[in-house]
Amino acid sequence: MQNFKKVFLAATVTLAFSAGAMAETLKMGIEAAYPPFNNKDASGNVVGFDKDIGDALCAKMKVECTVVTSDWDGIIPALNAKKFDFLISSLSITDERKGAVDFTDPYYSNKLQFIAPKNVDFKTDKDSLKGKTIGTQRATLAGTWLDDTYGSDLSVKLYDTQENAYLDLTSGRVDAILADKYANYDWLKSDAGKNYEFKGDPVVESDKIGIAVRKGDPLREKLNAALKEIVADGTYKKINDKYFPFSIY
């Protein structure tokens with residue numbers, strides 16, 4: 001009888017542990033204002049490349065994931081305040097950010113490139129840009145690059161969202177925008193962007209985008225392992241091809 005109780009207790013503990021593991025839920029942080037990487041559809045659901053990659057990683061890790069949205073300006077503080085468990089929102093891996101969070105391996109590679117009206121002879125050298133007003137999203141690599149490269153020779157207008165930067169471009173409040181090439185690529189295909197085009201070559205060729213976790217969190221290695229799996233089994237390519245006719249990995 002005593003042995004039976006021990007076996008029953010052990011089995012109960014094992015089942016409880018398994019059920020707990022199956023029920024594990026992670027929260028992924030997303031801005032939801034940066035199409036095609038992350039935004040909301042007509043029903044208010046978060047969609048986009050980042051969301052799809054996040055869902056695929058969660059499936060590989062065998063965990064349930066929910067989305068928590070956050071304004072861009074406070075998205076890293078929100079991660080460190082434990083509002084969510086990992087941040088997958090097209091975040092450039094920079095030395096400054098690595099002081100606040102840990103990053104996974106890059107899940108895509110980006111470039112920075114100017115866009116401006118098609119009928120404007122827009123040159124990107126320092127002399128040509130002197131006195132121009134350039135729009136970019138606040139707290140981004142593009143904003144940092146403009147400040148480091150041009151300093152006071154250039155007027156930089158910062159925006160809380162990329163969509164607001166595009167609105168000011170179409171209304172003539174800025175001469176051009178510097179932003180991620182693939183976000184610009186998507187906008188240029190829209191009705192609003194049809195009279196605009198890329199100008200010059202990319203000014204940053206290798207902007208690596210990673211998933212952020214809190215310092216020292218072992219979730220980083222689980223995400224890295226899952227990322228390798230979705231690349232190897234073709235899941236990543238299917239998601240990539242849904243948004244782009246070329247690889248951004």
Side-chain angles (χ1 to χ4, degrees), residues 30-39 48-50 70-76 87-101 103 106-117 120 122-190 192-193 196-212 243-244 248:
I30 294 181
E31 181 193 11
Y34 196 66
F37 292 97
N38 57 80
N39 57 299
F49 179 87
D50 290 333
S70 172
D71 291 340
W72 180 255
D73 286 352
I75 207 164
I76 289 179
L87 169 53
I88 181 163
S89 198
S90 292
L91 199 67
S92 298
I93 300 171
T94 67
D95 289 339
E96 182 180 0
R97 287 172 178 162
K98 284 193 287 188
V101 295
F103 282 99
Y107 67 101
Y108 76 89
S109 296
N110 182 47
K111 303 170 191 266
L112 297 183
Q113 195 164 7
F114 287 98
I115 58 170
V120 171
F122 184 89
K123 293 183 173 60
T124 60
D125 61 278
K126 195 166 186 175
D127 288 340
S128 299
L129 286 180
K130 195 168 185 177
K132 300 286 188 185
T133 300
I134 307 298
T136 195
Q137 190 174 2
R138 188 184 298 120
T140 62
L141 182 63
T144 301
W145 186 89
L146 286 169
D147 187 53
D148 290 346
T149 306
Y150 297 108
S152 60
D153 289 334
L154 192 66
S155 175
V156 177
K157 194 168 183 181
L158 300 174
Y159 296 88
D160 56 344
T161 69
Q162 190 62 41
E163 289 295 297
N164 284 336
Y166 291 138
L167 285 173
D168 266 12
L169 179 63
T170 57
S171 64
R173 294 189 183 95
V174 295
D175 297 297
I177 280 175
L178 180 65
D180 294 352
K181 179 171 183 173
Y182 303 130
N184 280 339
Y185 167 84
D186 187 71
W187 183 77
L188 291 173
K189 295 188 299 176
S190 69
Y196 300 83
E197 64 184 2
F198 286 114
K199 299 292 186 177
D201 295 325
V203 296
V204 173
E205 284 281 358
S206 185
D207 171 23
K208 300 299 184 183
I209 309 300
I211 302 165
Y243 296 94
F244 304 103
I248 66 170

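Position 1 is the first residue of the sequence; numbering continues from there.
A 4.5 Å side-chain heavy-atom check between Ile209 and Tyr107 finds at least one atom pair inside the cut-off. For the pair Thr170 and Tyr196, the minimum side-chain heavy-atom distance is below 4.5 Å.
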Full working for ring pair (Phe, Tyr, Trp, His ring centres under 6.0 Å) between Tyr108 and Phe49
CA-CA 10 Å; Tyr108 76 89; Phe49 179 87; 5.7 Å; yes
Run the ring pair (Phe, Tyr, Trp, His ring centres under 6.0 Å) test on Phe244 and Phe37 for me, step by step, so that the C-alpha distance in whole Å, both residues' side-chain angles and the decisive distance to 0.1 Å come before the verdict.
CA-CA 11 Å; Phe244 304 103; Phe37 292 97; 5.6 Å; yes
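Not one N or O on the side chain of Gln162 forms a donor-acceptor pair closer than 3.5 Å with the backbone of Ala33. Checking side-chain atoms of Asp175 against main-chain N and O of Ile134 turns up no donor-acceptor pair under 3.5 Å. Looking at Lys130, its side chain never comes within 3.5 Å of a backbone N or O of Tyr150 through a donor-acceptor pair. Checking side-chain atoms of Asp168 against main-chain N and O of Gly135 turns up no donor-acceptor pair under 3.5 Å. In this structure, Thr149 contributes its side chain and Leu146 its backbone to no donor-acceptor pair below 3.5 Å.
Ring orientation note: the planes of Phe114 and Trp145 are nearly perpendicular, at an angle over 60° on the 30°/60° scale.
Screening Ser92, Ser109, Ser90 for a side-chain hydrogen bond (donor to acceptor under 3.5 Å, both in side chains) involving Asp207 leaves a single residue, Ser92.
Counting non-hydrogen atoms of neighbouring residues, nucleotides and ligands closer than 6.0 angstrom, the CG atom of Asp71 reaches no more than 12 such neighbours.
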